[in-house]
Amino acid sequence: MTALKLYNTFSREKEDFKPLNPPLVGMYVCGPTVYNSVHLGNCRTFVSFDILFRYLLHLGYKVRYVRNITDAGHLESDADEGEDKIAKKARLEQLEPMEIVQRYTIDFHKVLDQFNNLPPSIEPTATGHIMEQIEMTEKILQNGYAYETDDAIYFNVEKLAKQFPYGKLSGRNLEDLYNNTRELDGQEAKKGKLDFALLIKAKPTHIMQWSSPWGRIFPGWHLECSAMSSKYLGEEFDIHGGGMDLVPTHHTNEIAQNVACCGKSPARYWVHTNMLTVNGQKMSKSLGNSFLPAELFSGNHKLLEKGYSPMSVRFFMLQAHYRSTLDFSNEALQAAEKAFVRLMAAVKILPSLKTGASTSSNISALKNSVYEALNDDLNTPVALAHLFDGVRIINTVNDGKETITEEDKQLLVKLFNEIIFDVFGLKEELQENKNLDGVMKTILEIRAEAKAKKDFVTADKIRNELLENGIQIKDGKEGATWSFTL
RNA sequence: GGUCGGGUGGCCGAGUGGCUAGGCAGAGCUCUGCAAAAGCUCGUACAGCGGUUCGAAUCCGCUCUCGACCUCCA
């Protein structure tokens with residue numbers, strides 16, 4: 001079987017994934033700035049990395065997955081002229097900054113839990129690592145890659161760029177960056193226009209500030225990730241991820257900080273997820289086209305015809321590759337919902353399949369195809385396509401038109417359980433209930449008796465009224481079965 | 001404007017030189033008391049124009065078009 005390959009933004013190629021210290025794997029993913037509810041586009045990134053996390057665990061790696069919470073220091077403008085996002089929101093809502101942080105951190109966890117994401121191994125906060133950020137700034141200053149002004153400690157991009165390809169991650173050269181970066185007002189203190197603030201000197205009115213060797217400060221945006229990834233994963237670790245929109249600024253500057261501080265780029269594999277789009281446009285808070293997960297689940301949004309369950313949405317995300325844009329529409333969501341129901345129905349009947357002396361399909365080839373797809377840069381849509389071949393096999397055997405041996409059946413059970421539940425993180429949403437099972441058995445018996453007497457009025461009444469209540473009856477050769485509808 | 005990435009059947013979405021995924025929707029068939037479910041069959045798509053090749057959705061060039069980043073953003 002092939003080995004896992006991941007597309008590395010830094011090299012722009014798919015590379016064999018080889019951890020620095022197997023079986024250990026260190027993975028850092030940029031988490032949210034908790035000044036607002038996460039929208040569906042944000043969720044896509046975290047779901048994608050959840051699947052990578054789960055797949056690495058499935059392959060037997062011991063993964064330390066670090067995902068930060070940015071609860072301070074994230075400025076309105078990347079030129080460091082703006083106001084701290086948390087502080088701004090706090091002022092608008094007349095709340096303590098940490099009250100905002102608490103509210104949206106809880107919201108974030110709740111939403112990811114609904115999507116059935118596993119929690120990361122460590123979830124550090126920026127405010128909890130001010131000391132580490134100060135220490136890193138000291139090192140960068142000592143190494144000569146930063147300078148102090150009246151308003152901040154700035155990173156000297158030009159100096160670093162002489163020794164390190166600063167724009168490589170985003171595929172830009174320094175000249176282009178210079179020519180296409182806007183000159184902003186009030187930045188005279190900076191030596192170079194690409195320079196960015198490591199720490200910003202706080203005015204007395206600034207409500208989040210800390211003591212430092214340079215007076216009262218608050219952190220810039222990029223420093224916290226460098227400080228926390230170094231602390232928990234080391235100066236060099238395996239995977240660093242985030243949304244594609246973080247590549248040109250945030251991750252580029254993170255690399256710069258680590259190189260200036262420790263002499264090396266922090267991560268060996270840079271993995272970036274693409275955007276969720278609505279009518280072809282990126283979903284973002286600033287464009288006002290974002291959906292909150294709660295709106296999606298309830299259907300309470302003007303663009304939605306109905307609500308969609310968290311697992312239908314997760315399945316929808318799995319149907320596209322993480323590096324492609326994914327367009328969001330009612331039609332696409334409904335298709336995903338139906339496909340998900342069909343997949344889960346097959347999973348449910350799989351254990352009860354009758355086995356025989358031979359198998360008419362090649363189950364181990366199917367299994368290999370699924371793993372080949374996942375190993376090819378986590379190609380979940382192709383893996384899913386192969387699983388649907390499995391669905392067809394399951395249904396055909398169930399219809400008595402094909403056969404499967406006990407051994408192959410167990411192989412298929414293991415494959416379906418491991419990939420669908422462990423790796424893809426899907427789950428059955430409609431809980432089985434033993435009481436209901438008994439009730440349904442009785443009802444189906446009554447209906448069978450009615451049918452035997454050719455009392456189709458009664459039989460159809462039972463069938464139709466149950467359907468209205470979300471239960472579908474399926475008449476088969478060996479009696480009727482039932483399932484929930486979504 | 002600069003840089004980068006796309007344009008695939010009704011819709012979503014894989015696929016980087018020949019074997020032409022998958023899901024949803026649609027049509028027909030089997031099964032069924034009728035349905036549903038399930039299975040089978042069908043539609044034979046690759047923005048346009050050139051070029052390379054025995055052969056291109058896939059490589060090259062040009063054109064059109066959409067988007068991302070360059071400003072907070074997953």
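Keep in mind that this is a model prediction, so the values were computed, not measured. Chain identifiers are assigned alphabetically (A, B, ...) following the order of the sequence lines, protein sequences preceding nucleic acid strands; residue numbering begins at 1 within each chain.
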Subject >> More than 12 heavy atoms from other groups under 6.0 Å of CG on A:Asp16 >> reply: yes
Original post:
Can you check the A:Tyr7 OH to B:rG15 C1' distance for me, whole Å?
Top reply: 17 Å
Subject >> Interface with RNA chain B, restricted to residues 445-455 of chain A and to heavy atoms under 4.0 Å >> reply: A:Arg447, A:Lys451
Original post:
Does the B:rG67 base have a donor-acceptor partner in the side chain of A:Asn274 within less than 3.5 Å?
Top reply: no
Original post:
Can you tell me how far P in B:rA57 sits from the matching atom in B:rG9, rounded to whole Å?
Top reply: 14 Å
Original post:
Who is the Watson-Crick or G-U wobble partner of B:rA56, with both distances under 3.5 Å?
Top reply: none
Original post:
Think A:Lys306 forms a cation-pi with A:Tyr308, using NZ or CZ under 6.0 Å from the six-ring centre and within 45 degrees of its axis?
Top reply: yes
Original post:
Does the base of B:rA35 carry an N or O that pairs as donor and acceptor with the side chain of A:Asp475 under 3.5 Å?
Top reply: yes
**OP:** Establish, with yes or no, whether the OP1 or OP2 oxygen of B:rG39 is under 4.0 angstrom from a side-chain nitrogen or oxygen of A:Asn395.
**Re:** yes
**OP:** Take atom P in B:rG7 and the same atom in B:rG48, then report the distance between them in whole Å.
**Re:** 12 Å
Original post:
Taking any strand in view, what nucleotide pairs with B:rU44 in a Watson-Crick or G-U wobble way, both distances under 3.5 Å?
Top reply: none
Subject >> Complementary nucleotide of B:rG61, counting Watson-Crick and G-U pairs under 3.5 Å >> reply: B:rC49
Original post:
Taking the C1' atom of each, how far is B:rC46 from B:rU8, in whole Å?
Top reply: 4 Å
Original post:
In the structure shown, which nucleotide is the Watson-Crick or G-U wobble counterpart of B:rU32, with both distances under 3.5 Å?
Top reply: none
**OP:** Specify the residue among A:Leu326 and A:Leu40 whose closest nucleotide of RNA chain B lies further upstream toward the 5′ end.
**Re:** A:Leu326
**OP:** Please name the residue in the list A:Lys5, A:Lys14, A:Arg323 that meets the salt bridge (charged side-chain N to carboxylate O under 4.0 Å, His left out) test with A:Asp376.
**Re:** A:Lys14
Subject >> Any-strand Watson-Crick or G-U partner of B:rG10, both distances under 3.5 Å >> reply: B:rC24
Original post:
Is atom CD of A:Glu158 surrounded by more than 12 heavy atoms (other residues, nucleotides or ligands) closer than 6.0 Å?
Top reply: no
Subject >> Separation between the P atoms of B:rG43 and B:rC60, rounded to whole Å >> reply: 32 Å
**OP:** Please work out if A:Gly280 contacts a base, only the sugar-phosphate, or nothing of the nucleic acid, heavy-atom cut-off 4.0 Å.
**Re:** sugar-phosphate
Original post:
Atom CG of A:Asn398 and atom P of B:rG39: how far apart are they, to the nearest Å?
Top reply: 10 Å
Original post:
Roughly how many Å is it from CZ in A:Arg323 to C1' in B:rC69, rounded to a whole number?
Top reply: 17 Å
**OP:** On the 0 to 90° scale, with breaks at 30° and 60°, tag the A:Trp270-A:His240 ring pair as parallel, tilted or perpendicular.
**Re:** parallel
Original post:
So, is the end of the A:Arg67 side chain (NZ or CZ) under 6.0 Å from the ring centre of A:Phe46 and within 45° of the ring's axis?
Top reply: yes
**OP:** Answer with base, sugar-phosphate or nothing: what part of the nucleic acid does A:Asp460 contact at a heavy-atom distance below 4.0 Å?
**Re:** base
**OP:** Answer yes or no as to whether B:rA74 has its base stacked against A:Phe46, where stacking requires a ring-centre separation under 5.5 angstrom and planes under 30 degrees apart.
**Re:** no
**OP:** Can you tell me the pairing partner of B:rC19 across any strand shown, Watson-Crick or G-U wobble, with both distances under 3.5 angstrom?
**Re:** none
Original post:
When you match A:Lys474 and A:Thr277 each to their closest nucleotide on RNA chain B, which lands nearer the 5' end?
Top reply: A:Lys474
Subject >> Pair partner, B:rU3 [Watson-Crick or wobble, under 3.5 Å] >> reply: B:rA68
Original post:
Under 4.0 angstrom, heavy atoms only, what part of the nucleic acid is A:His39 near: base, sugar-phosphate, or nothing?
Top reply: base
Original post:
So what does A:Phe388 touch, heavy atoms closer than 4.0 Å: a base, only the sugar-phosphate, or nothing?
Top reply: sugar-phosphate
**OP:** Write down the distance separating the P atoms in B:rA21 and B:rU44, rounded off to the nearest Å.
**Re:** 14 Å
